[in-house]
Every structure is written in C-alpha cells, then in structure tokens.
Amino acid sequence: MWSVEGGTEEFQPEQEEKMEKSEQAAAAFPPSFSVSEIKNKQRRHLMFMKFKQEKRKQKLQLKKKKKKEREALGDKAPPKEVPKTIENQRVYDETTVNPEDEEVAFDEGTDEFCSYFNGLTNPKVLITTSDRPRGRTVRFCEQLATVIPNAYVYYRRGLALKRVVPQCIARNFTYVMVVNEDRKVPNGLVLCHLPDGPTAHFKVSSVRLRKEMKRRGKEPTEHSPEVILNNFSTRLGHSIGRLFAALFPQDPQFVGRQVATFHNQRDFIFFRFHRYIFKNEKKVGIQELGPRFTLKLRSLQKGTFDSKFGEYEWVLKVSLSAVTVFFKMQEELCCLI
Amino acid sequence: MQHDDVIWDIIGNKQFCSFKVKTKSQNFCRNEYNITGLCNRSSCPLANSQYATIREEKGQCFLYMKVIERAAFPAKMWEKVKLSKNYEKALEQIDENLIYWPRFIRHKCKQRFTKITQYLIRMRKLVLKRQRKLVPLSRKVERREKRKEEKALIAAQLDNAIEKELLERLKQGTYGDIYNFPVHAFDRALEQQDEESEEEEEDEEEEEEDDEDVGKSEFVAEDEVEESDLSDFEEMNKLRTSSDEEEQESSEEEEEEEMEVETKASKSKGKSPANGSAARKKRAYVEIEYEQETEPTPKSRAT
C-alpha cells in the first residue's frame, strides 16, 4: 500500500506536468485547470512556480527571436521602441518659458532679482534654524555655510522672524535661510530674498551630511562654485531657479573647480555639490563633496516672510486620492491617472 | 434638612461619589465648584452648606457663594459676584463678601484667585510670543512622497546630467583658456595617433608572419628540445597550453623583446610584459610573459 501511494504521488505531478506541457503546446485553447484550484498549498505553490518559469522562458524566447529578426534585417529593421516614461508622456505646458520671450525678459529685467543679475549686489546669506536646534541641524547649517560663499550662521535664540528680517535688511543681507527642524532632523527650509523679495518654503528630505558621503573628497574650498540649474522651465520653475541662482556670486571661480547643482525632476529639487576635473575633451570626472539634500516646494510668497497676511503666489495642494498629479515646475504639465 | 455630616459620611468614605478621583496617594474632587480640588471634608461642595469658590470665565473672575438658606432652591443656590480686574481691589471685594465666613474658605478663595490671575497673565504673554504650530502629517501622503522621490532620483540620473552639462560648458567655451583642450588640434592628434598605431600593427604583423614561417620551418627539427625546456616554466604553461604557441613564443622571443622595448620604452620592465600581452591579444598572436626569464632558454639551447 505504502509503495502504491508513493507511486501515485509521484505520478500526479508528472501527470500535471504533462498536462501543462500539452496545454502549452496547444496554446490556442485555455487550460482545463488553473493553478488556483489545487487545494494543497505546497503543490499549488510548486505549480505556480513552474507556471512562472514557463512564462519567463517564453518571454526570453520572444526576446531572442526579436533580436535575431533585428539582426537579420540589419538596416531595414524597424526602429527600437522607446519605453514610456513620465517624462515622455508629459502634456505640453503653456507656461513653459521660451528663452527669447520678450515678456519674460522684461519681467526678469524688473523683478526683485534684477539688481543681482545686473551685477549691482553681491549675495550675503544669513543661515539660521528654528528654536533650539539639535546636532544634526547645526552641522547641516555649518556645512551649508561652507558650500555657499559669503554665508553666516547665527543662532536663533527665540527671535521672531518678522523682527529678524528688518534687522537683516539693515545690515545688507540679501538672503535669509531658515532651516526648520523636527525631531532632531532638518525637515523644512524657508528661503527669503531680502529687500522685499519672494519667500519660498520648501520641504527638505534625505539630508546627507559630509561625513556620510562615500568617497568624498577634501573640504570645499573658499572658491565660489559654479551653478547648474536643470529643468526649471515653467514660469514658476523659472522664478525658483532665479531664487537659487541669486544665492551664489555672479562670477564663479573656475580655479576652484566646484559646482553646485540644483536638478529639478518631477518637482523634486536635488541639490548636489561636486568637484570636477576634465580628464580630456570628452570625459569629466566628478567627486561629490558637500552635503546633499532634496527640496520640494511647498509655497511661494510674494513679499518677505509673513504667514498671516502674505500674498501667496503658489501653494502646494496635496490630494489624498491618487487620481491627479500635477508637476508645476518642470517642462510640461503632467496629469497621471 | 441639610445634614452635612451625614452627607460626608456617605459620599466621603463609605459609598460612591461621582466626582471623586482616587489615586495612590490622594483623592481628588472633580466638582467644578470645588475650591481646592482635593476631596476633603472641608473642601467638598456637597458636604458643606456654606461654601464659596472663585471661577473664571473668558478671563473674568467671579466669586460664587452658597448659603444654607438657599439650599432648597438649586437654581438660585450659587450667588455670583463679578470681581474687579485690579488684583488688590478684587482681594478687598472677596474680604468684603466673605466677612464673618470661616477662615479656611476665605484663605482658600484668595489663594485660588491669585493662582487664576497668574495663569491668565501667562496666557496673555504666550499669545504674544511665537508659538510652535504642530502640523499633522498624513502618513499616506508621506509614504507616497518618499516613493516618488526615489523614483524621481532614479529618473534624474544626476551624475550623467552634471557631466553632460559640464562638458557642454567646456565646448561652449565658458571656461576660456584654462583647459588646454583645443578641439581641432586634439582631434588631429588623435587621428595621427591612430595612424601611427595602425602602421605599427601592420609592421609587427608582417614581422610576426615571417616569424610564423620561421617557427613552422623549425617545428620539425626542434620539437622535442623546446617542449622539454619550456615545460619547466610554470608561467608558460599557465598562459598557453598548446605546444605550438609555445614554440612560436620561443622563436619570436628575441624579435618581440625588441619590439616591446620600442613600443613601451617608458614603462618599467615588470609592467611591460603584461601590457604587451594585452595589446598583442588583438593581433591574435602570442605574447611572452617575461623577457628576463626567456633569456636563459637560448643559452640552454646553445648548450
């Protein structure tokens, strides 16, 4: 009896295998059984794994076949299909800035940054935190001060921002940066351009300090870095881009070979600080120094910091339902469903 | 009739009082008219027919008084007196209203009034200061944002983007003359180098072809001798297993030594053989491992 039972057990998987193979051979009609109908969990699992393997094999075979066909056709082969990405599927946004647009140029000539871009003022940045900052935030502020030339870190000591701002204006500061802290970790950034400039409030995430970087180089030097601003193409993106650009002095010192990058991707702004070296014409090596963090714009206010009476130019709207997503800062408006 | 003692006997110790809160060390009274907040015989508003309290509403303090004459009219039991905003005047008012009342109640009323004014002052001060606003985070939103950020980071390909941008800036000449990579000259130099290396390859191939013939013609004569000599060298065996290649190697030793010296004059002896082998693989011919070690073989052959 025992041997017979053993035999039947062995038989069954074989039978099922055969059935599977026959089904796959005759792929036209649907299988007479589905994997989910087997009551035994172990066996069901086994069958499912086999099913998956078969699928994978088929996929591989299909790929190989396609590749062969491509090679066989040579030049006449149809062009490779490009996978769909969010960046590909964007709907064109009307607010994209055309660099030769007169209106935009006129606006930029007369807005709050014109004095900077005309070379009249040099940036002077005040970095501070919210009340009672903890170690990580303090270190972050210090490192930011090394990255941004002409930056000063001051302790907050419970002062109201509304009173800080006029004092800064009196002392010729052009920027106030307030790093907000929550549970010993920086999580927000208020960037206020001073003589009645716009105020941007960002959410800060994934802060990596210098000592946490892999293969980082020596300390950033005192040379003014170059600035790279990627993908700030809509009107809103343009104004934020100018906000960042005005943080750094107009003339970067190429001797220092340092570059600060603000890269906007899907409304997340990634900040990186590198040292670069040109190995030859076509190759450049970059080494990451400096802290890295990501920003996400929460609101843009017209005047200086005023939470109650300020005029908000743009506010991030968070929708709990997963239906619509809009990217406001990058090239096109994207609506994902 | 109002029997305070009986009431206290019941609610204080033996039976249930709904206002009583028991803790390990003390009993508290949650009755809003209680003057001290503790559950005591003298502070219980239910067990005392003559009672007074101070309560505040919206920043205004009132003195509440209860007397036994009004015990039968619950709606009119508590007499409410508005106290002045001036601290001293209010204290005088309390004294005036509670004249001839028990010392305990008068004292406790004044104490309570002092505490209330103090906390009202602190509240007013706090409103003027900056207050921390706690903003609730939606967990769902946070999780989604985190994931989106990761995806955006992958899509951004930061290193590539930065490198591209830098190279473009170099091309456009924003760096001026700092870097000596003039475009045309460099390309020309590259082309020249390519030509030279091609010529070299052709020359060497021709020489090797000659060597091949030479090797082949010697194949028959020196077969046994070479194999026995070469089998001692472990490196030879590692590199090439076939005897033909070894023979070619041995025959080409001297010529290849010279060529190696020509092509890699700058590099050290130790390194050149290895590089020589890497370069030579493209030409599909054979490389010597170490020049030094192959030198003794001609001597052995001679002897």
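Fair warning: this is a prediction, and the values are worked out from it, not measured in the lab.
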A:Glu222 atom CD, neighbour heavy-atom count above 12 within 6.0 Å: no

Minimum heavy-atom distance between A:Lys282 and B:Leu167, given as atom pair plus value: O-CD1, 3.6 Å

Pair B:Leu153-A:Gln265, side chain to side chain contact (heavy atoms under 4.5 Å, CB included): steps then yes or no: CA-CA 7 Å; B:Leu153 184 64; A:Gln265 187 84 15; over 6 Å; no

Spacing of B:Glu168 atom CD and A:Ile228 atom CD1 [to the nearest 0.5 Å]: 10.0 Å

Distance in Å, B:Tyr175 OH paired with A:Arg257 CZ, rounded so as to fall on 0.5 Å steps: 11.0 Å

Heavy-atom proximity to chain A below 4.5 Å, by part of B:Lys151: both

Shortest non-hydrogen separation from B:Ala152 to A:Phe268 and the atoms involved: CB-CD1, 4.0 Å

Residue pair B:Thr174 / A:Phe254: nearest heavy atoms and the distance that separates them: O-CE1, 3.5 Å

Heavy atoms of other groups near A:Tyr155 OH, more than 12 under 6.0 Å: no

Side chain, backbone, both or neither of B:Leu166 within contact of chain A (heavy atoms, under 4.5 Å): both

A:His274 vs B:Asp159 side-chain heavy atoms within contact, under 4.5 Å: yes

Salt bridge present between B:Glu145 and A:Lys203 (N-O < 4.0 angstrom): yes

Heavy-atom pair with the smallest gap, counting every atom of A:Ser205 and B:Glu149: OG-OE1, 2.9 Å

Salt-bridge criterion met for B:Glu163 and A:Lys283 (N-O under 4.0 Å): no

From A:Phe273 atom CZ to B:Ile162 atom CD1, the distance as rounded to the nearest 0.5 Å: 11.5 Å

Per-residue contact mode, B:Glu150 against chain A (heavy atom under 4.5 angstrom): neither

Straight-line distance of A:Arg272 CZ to B:Leu158 CG, nearest 0.5 Å: 5.0 Å

From B:Leu134 atom CG to A:Asp182 atom CG, the distance as rounded to the nearest 0.5 Å: 8.5 Å

